[in-house]
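Residue numbers start from 1 in every chain, and the chains themselves are labelled A, B, ... in the order their sequence lines are given, proteins ahead of strands.
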There are 2 protein chains.
Amino acid sequence: MKDPVAVFSDYVAQKGLKMTPQRRLILDVFLRERGHMASEELYNKVKAVNKAVGQATVYRTLKLLSGSGLAKEFDFGDGVSRYEQTYGHSHHDHLICERCGKNVEVVDQGIEVIQERVAREHGFSLTGHVMHLYGVCADCSRSA
Amino acid sequence: MKDPVAVFSDYVAQKGLKMTPQRRLILDVFLRERGHMASEELYNKVKAVNKAVGQATVYRTLKLLSGSGLAKEFDFGDGVSRYEQTYGHSHHDHLICERCGKNVEVVDQGIEVIQERVAREHGFSLTGHVMHLYGVCADCSRSA
DNA sequence: TTCTGTGCAAATGATTTGCAGCCAG
DNA sequence: CTGGCTGCAAATCATTTGCACAGAA
């Protein structure tokens, strides 16, 4: 399995685009992080390494990462787009606490199978899905 | 079962708010529609009846409808919030065609049950969920 | 009367885009 | 060289908010 940097280089090259130091830096910082990250968070972490990088570049690069398949864009319903790593990360859904915002990644094979079946029943071929379960986590319901 | 207008009146009264002609008009227009509607679409339809109604009032009223339980806010990932009627509509998930945007409402009891179980396993008490299945519909895959 | 609601316009906040110069291929 | 990049600031776009007046309870 190629390393993510190579995946990105290939994607960029194949699109006739260029590999720049900014893009490499943003990719590095992005890969170093776990979980979901908003563009602005990433921008701040990137600035910590190189203050000269512009916010627009981070936005533009995140789109490229998305296109290359290394990142996936998520929208949790607060007006901020978040991105999560998909490289070496298996698919998962989200279990979100409405009180504290805690975000747990979950997978259930049963759900995946049924989703496929539901789609097929309606003549759809499934390409992806987003499932967010909202609730109250143990900690929050205890301290309520 | 009370009619939706009564549900809204009660909600408004109980909150110490007032029932105004604008709110009634917006509610009427909203109820007359099927499917998912963005604030601006609703605003346009409302304006067709009464040009004097302001866009901000539509936004504000949609929030109230949401709070009253008559509407549910949805975010499909394009930066626009959409609302769908929940009155007399049972819960459902969405099956969305990536080519033509077709949006089919689906329910599967099996998924609902598993979702509950998954949440419980993580100590969460579930309050709601959003599930969007993305794929290509029969029509689009035929004409591809 | 007393607040709450409304329309309008200005304010927000995230994301995008135009531009002039820079640099990877 | 050349067309793609970058940083900056200005521009968008959906949504929110401040305000003075209007109107429901």
Using atom [atom1] of [X] as one end and atom [atom2] of [N] as the other, report the distance to the nearest whole Å.
X: B:L25; N: C:dT6; atom1: CG; atom2: P; value: 11 Å
X: A:Y11; N: D:dG4; atom1: OH; atom2: P; value: 15 Å
X: A:Q22; N: C:dC23; atom1: CD; atom2: P; value: 9 Å
X: B:Y83; N: D:dA14; atom1: OH; atom2: P; value: 14 Å
X: B:F8; N: D:dA24; atom1: CZ; atom2: C1'; value: 14 Å
X: A:R24; N: C:dG25; atom1: CZ; atom2: C1'; value: 13 Å
X: A:R60; N: C:dC19; atom1: CZ; atom2: P; value: 14 Å
X: B:R82; N: D:dT15; atom1: CZ; atom2: P; value: 9 Å

Check your understanding: If you pin A:L64 and B:M19 to their nearest nucleotides in DNA chain D, which one's is more 5'?
Key ->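 Mapping each residue to its closest nucleotide by heavy atoms, the 5'-most match is A:L64.
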Going by distance alone, is a donor N or O of one side chain under 3.5 Å from an acceptor N or O of the other, for [X] and [Y]?
X: B:Q22; Y: B:T61; value: no
X: B:S81; Y: B:E73; value: yes
X: A:H92; Y: A:E84; value: yes
X: A:H129; Y: B:H94; value: no

**Study point:** Closest to the A:L17 side chain, choosing from D:dG4, D:dT16, C:dA14
**Key:**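 Shortest atom-to-atom distance from the side chain points to D:dG4.
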Exercise for review: Identify which nucleotide among C:dT15, C:dT6, D:dC5 has an atom closest to any side-chain atom of A:R23, counting heavy atoms from C-beta outward.
Suggested key: D:dC5
Review point. Would you say A:N44's side chain and A:E40's backbone share a donor-acceptor pair under 3.5 angstrom?
Key: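 The answer is yes, because a donor-acceptor pair under 3.5 Å joins these two groups.
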Within the pair [X] and [N], is there a side-chain N or O less than 4.0 Å away from OP1 or OP2?
X: A:S81; N: C:dA14; answer: no
X: B:K63; N: D:dT16; answer: yes
X: B:Y59; N: D:dT16; answer: no
X: A:T20; N: D:dG4; answer: no

Review point. Quick one: does B:D139's side chain get under 4.5 Å of B:K102's, heavy atoms only?
Key: yes
Review point. Once you round to the nearest 0.5 Å, how far does OG of B:S68 lie from OH of B:Y87?
Key: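 The distance works out to 11.0 Å.
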Study note, to complete from the structure: Between the CD atom in A:E105 and the CG atom in A:D93, the distance rounded to the nearest 0.5 Å is 10.0 Å
Check your understanding: Can you list, by residue number, the residues of residues 36-55 of chain A that have a non-hydrogen atom closer than 4.0 angstrom to DNA chain D?
Key ->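 Result for residues 36-55 of chain A: A:A52, A:V53, A:G54, sorted by number.
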Review point. In terms of the angle between their ring planes, are A:Y134 and A:H132 parallel, tilted or perpendicular, with boundaries placed at 30° and 60°?
Key: perpendicular
Practice item. Quick one: label B:K15 by what it contacts on the DNA or RNA (base, sugar-phosphate, nothing), any heavy atom closer than 4.0 Å. Key: nothing
Every protein N/O lying under 3.5 Å from an N/O of nucleotides 1-3 of chain C:
| from | atom 1 | to | atom 2 | distance (Å) |
| --- | --- | --- | --- | --- |
| C:dC3 | O2 | B:K18 | NZ | 3.0 |

**Study point:** Pairs satisfying ring-ring contact (aromatic ring centres under 6.0 Å, His included), at least one member in residues 48-70 of chain A, at least two apart
**Key:**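 Checked against ring-ring contact (aromatic ring centres under 6.0 Å, His included) - neighbours excluded - no pair reaches residues 48-70 of chain A.
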